[in-house]
Amino acid sequence: RVIGLACGDLHLEHIRQWREDAVGKGLGLKCHYPVWSDVAGANYAQLAADLEASGVPCKVSAVTDDKARAAGANVGVLFGPELAAAMVAAGLDAFGENGEMHTLAQVWEVPREQALGL
């Protein structure tokens with residue numbers, strides 16, 4: 001039985017509110033935001049370190065911004081420190097939080113305990 005929904009939103013309040021209203025209430029689930037920060041980018045260094053330590057490959061799954069494409073965010077590319085730095089250098093959010101790109105965390109590629117940092 002599903003009793004909650006973990007959301008990977010980092011800091012966009014309007015997206016969080018939409019998830020609460022449309023998804024959480026719509027499905028009757030409590031939404032949780034384990035990586036949320038009230039200050040945009042304040043937790044990025046820790047998130048990047050955690051992602052790298054987990055060994056979970058994250059691949060770009062969609063790109064909606066030409067500047068992101070020019071920075072190297074293309075579908076299938078592995079997200080990591082180099083791509084994050086290139087995004088910032090292009091004046092974009094390092095994690096694509098403003099919708100510039102989306103990623104898929106391929107958690108099935110590593111043992112569960114490793115992915116969760118246990």
Side-chain angles (χ1 to χ4, degrees):
R1 176 175 168 246
V2 177
I3 58 172
L5 179 66
C7 303
D9 302 301
L10 301 179
H11 59 76
L12 297 177
E13 186 61 44
H14 69 285
I15 299 296
R16 182 177 177 150
Q17 191 60 55
W18 176 83
R19 288 196 202 290
E20 295 281 339
D21 294 341
V23 181
K25 289 178 185 170
L27 295 174
L29 298 173
K30 177 163 177 49
C31 293
H32 302 274
Y33 301 88
V35 294
W36 182 264
S37 174
D38 289 328
V39 179
N43 59 350
Y44 281 12
Q46 185 61 52
L47 290 173
D50 289 348
L51 178 59
E52 190 166 347
S54 76
V56 173
C58 289
K59 290 193 177 175
V60 175
S61 57
V63 183
T64 62
D65 185 283
D66 288 336
K67 285 172 59 176
R69 280 186 201 87
N74 295 295
V75 173
V77 168
L78 199 60
F79 177 82
E82 298 83 15
L83 180 53
M87 293 284 286
V88 171
L92 302 169
D93 186 86
F95 282 79
E97 184 68 355
N98 295 310
E100 302 95 334
M101 67 173 179
H102 301 277
T103 56
L104 174 65
Q106 297 177 320
V107 296
W108 59 88
E109 296 289 338
V110 299
R112 179 177 181 259
E113 293 77 14
Q114 180 181 336
L116 295 173
L118 301 175

Does CD in Glu109 sit with more than 12 non-hydrogen atoms of other residues, nucleotides or ligands closer than 6.0 Å? yes
Lys59 and side-chain contact (heavy atoms from CB on, under 4.5 Å): which partner among Thr103, Leu104, Leu78? Leu78
Could you grab the distance from atom CG of Asn43 to atom CZ of Phe95, nearest 0.5 Å is fine? 8.0 Å
Pairwise distance CD(Glu20) to NZ(Lys30) - rounded to 0.5 angstrom: 7.0 Å
Trace of the side chain to side chain contact (heavy atoms under 4.5 Å, CB included) decision for Met101 with Leu83: CA-CA 11 Å; Met101 67 173 179; Leu83 180 53; 4.3 Å; yes
What do the steps show when you test Asp93 against Met87 for side chain to side chain contact (heavy atoms under 4.5 Å, CB included), and what is the final call? CA-CA 6 Å; Asp93 186 86; Met87 293 284 286; 6.0 Å; no
Shortest non-hydrogen pair, Ala71 vs Ala86, comes out as O-CB, 3.3 Å
Closest contact, heavy atoms only, Leu29 versus Gly4: CD2-N, 4.0 Å
To check you understand the geometry: which heavy-atom pair defines the closest contact between Phe79 and Ala84, and what is its length? CZ-CB, 4.0 Å
Can you name the closest pair of heavy atoms from Val60 and Asn74 and give their distance? CB-O, 3.4 Å
How close do Pro81 and Glu52 get, counting heavy atoms only, and between which atoms? CG-OE1, 4.0 Å
Spell out, as yes or no, whether a donor-acceptor pair under 3.5 Å connects the side chain of Asn98 to the backbone of Glu100. no
Minimum heavy-atom distance between Gly24 and Cys31, given as atom pair plus value: CA-SG, 3.7 Å
Please check if atom CG in Leu118 has more than 12 non-hydrogen atoms from other residues, nucleotides or ligands closer than 6.0 Å. yes
Report yes or no: does Gln114 contribute a side-chain atom to a donor-acceptor pair with the main-chain N or O of Ser54 at less than 3.5 Å? yes
